Amino acid sequence: MDRIEAMAQGESKTGRRGTVALALAVCVAIGAIGYRVGSDSQADVAPSPPPGASADTIADPIAALEARSRESPGDSANWSALGSAYFESGRFDDAVGAFGKAAQIAPRAVTWSALGEARVMASAHDPMPAAAVADFERAITLDPRDPRARYFLAVKRDLSGNHAGAIDDWLALLADTPPGAAWETDLRRTIEQVGKINKIEVAERLAKVAQPSSDHPAVIPAIPGPSADDLRGAATLRPEEQRRMAEGMVSRLEGRLRGDPANVEGWVMLMRSRMALDQPDKARQAFTQALAANPGQGAMLRDRAARLGIR
């Protein structure tokens with residue numbers, strides 16, 4: 001994983017597409033855990049729509065939040081809620097802007113770490129942008145226990161090659177994790193995989209941390225991303241091989257969705273990945289399958305597809 005950034009420097013057009021797609025997959029894998037870390041620690045409640053809002057605005061939560069933020073631009077809660085809504089919709093650049101305003105108005109650890117994660121997800125080339133690292137460090141300064149900032153700063157250590165240090169940090173986070181937290185299983189898996197590929201023994205240390213409780217199941221389903229072995233091996237591949245690897249990751253995601261068709265966010269990830277691989281027809285097919293499996297989520301899926309440029 002310590003050479004992912006260099007992989008984004010492919011020279012040919014085909015190579016660039018492959019490495020960009022792989023970098024996107026890396027960010028998705030990071031974010032799939034990171035967002036779950038943050039989602040339990042930040043309870044941003046969407047404000048009610050402003051007085052006189054139109055029916056269309058009321059029916060569209062993001063539009064309502066945008067209207068409220070325009071009406072009260074000095075209210076950090078409005079901007080935080082809007083940032084969360086943008087993030088969940090895959091509008092990561094917009095989430096950066098909204099969280100940035102919230103953090104400037106009322107600097108809180110949870111807002112700075114949310115901003116950092118949005119920067120990570122918005123970056124197509126760098127899996128850990130310097131600005132995101134600065135945000136996570138600000139969060140830790142305000143609250144040394146902020147789980148999202150702790151998670152991502154450990155990711156930074158791993159990307160820099162300090163795998164043992166990253167594992168130490170993740171184990172410390174795991175020890176502080178409430179039983180059944182949404183990110184617990186994925187965090188354990190990350191520790192196991194990074195330990196395995198770097199020949200670092202972690203089984204005994206993991207065993208000392210209480211296992212997930214069946215009384216507190218994770219409330220957010222895991223979204224499959226590339227494994228640590230995938231990422232490690234990618235550093236030695238040629239651009240065309242990296243692209244094939246990225247396509248393999250996406251195919252695995254597609255296969256898992258056949259067994260879990262109610263995973264709406266998984267379908268959105270599949271659509272986004274297909275577009276990143278320059279496969280609009282397959283993205284459209286994924287959209288059609290998602291609609292068929294989740295008719296009650298049709299409005300949201302159509303909105304996500306439109307934002308991704310799926311016609």
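These numbers come from a predicted model, not from an experiment.
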Could you tell me which non-hydrogen atom of [X] sits nearest to which non-hydrogen atom of [Y], and how far apart they are?
X: A283; Y: I310; answer: CB-CD1, 3.8 Å
X: R68; Y: E71; answer: NH1-OE1, 2.7 Å
X: R119; Y: A132; answer: CD-N, 3.6 Å
X: A118; Y: A95; answer: CB-CB, 4.0 Å
X: V96; Y: A122; answer: CG2-CB, 4.4 Å
X: G83; Y: F99; answer: C-CZ, 3.4 Å

Can you tell me how far [atom2] of [Y] sits from [atom1] of [X], rounded to the nearest 0.5 angstrom?
X: Q297; Y: L291; atom1: CD; atom2: CG; result: 10.5 Å
X: I167; Y: H163; atom1: CD1; atom2: NE2; result: 8.5 Å
X: S113; Y: F152; atom1: OG; atom2: CZ; result: 9.0 Å
X: K156; Y: N162; atom1: NZ; atom2: CG; result: 9.5 Å
X: I62; Y: R91; atom1: CD1; atom2: CZ; result: 5.0 Å
X: L174; Y: L206; atom1: CG; atom2: CG; result: 6.5 Å

Practice prompt. Start with the C-alpha gap between F287 and R302, add the side-chain angles, then the distance that decides, and say whether side chain to side chain contact (heavy atoms under 4.5 Å, CB included) holds.
Written response: CA-CA 8 Å; F287 170 54; R302 290 186 183 89; 3.8 Å; yes
Within the 4.5 Å heavy-atom criterion, are [X] and [Y] side-chain neighbours or not?
X: V120; Y: P129; answer: yes
X: P127; Y: L159; answer: yes
X: K196; Y: V202; answer: no
X: D169; Y: R150; answer: no
X: L65; Y: R70; answer: no
X: E66; Y: Y86; answer: yes

Within the distance-only criterion (no hydrogens, no angle test), does the side chain of [X] pair as donor or acceptor with the backbone N or O of [Y] below 3.5 angstrom?
X: D143; Y: R145; result: yes
X: S123; Y: D126; result: yes
X: W170; Y: A154; result: no
X: R304; Y: M271; result: no
X: E192; Y: V194; result: no
X: D75; Y: A77; result: yes
X: T177; Y: L173; result: yes
X: N294; Y: A290; result: yes

Worksheet item: Are side-chain N/O atoms of Y151 and E117 paired as donor and acceptor at under 3.5 Å?
Response: no
Worksheet item: With distance as the sole criterion, is a donor-acceptor pair present between the side chains of N78 and S69 under 3.5 Å?
Response: no
Worksheet entry | E137 and its side chain to side chain contact (heavy atoms under 4.5 Å, CB included) partner, picked from D135, I140, V133 |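 Single pass found, and it is V133.
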Worksheet item: How are the rings of F87 and F92 set to each other: parallel, tilted or perpendicular (split at 30° and 60°)?
Response: perpendicular
Discussion item. Salt bridge (Lys or Arg N to Asp or Glu O under 4.0 Å), that's the test. Do R157 and D168 meet it? Break it down for me.
Written reply: CA-CA 10 Å; R157 295 187 79 176; D168 289 343; 6.0 Å; no
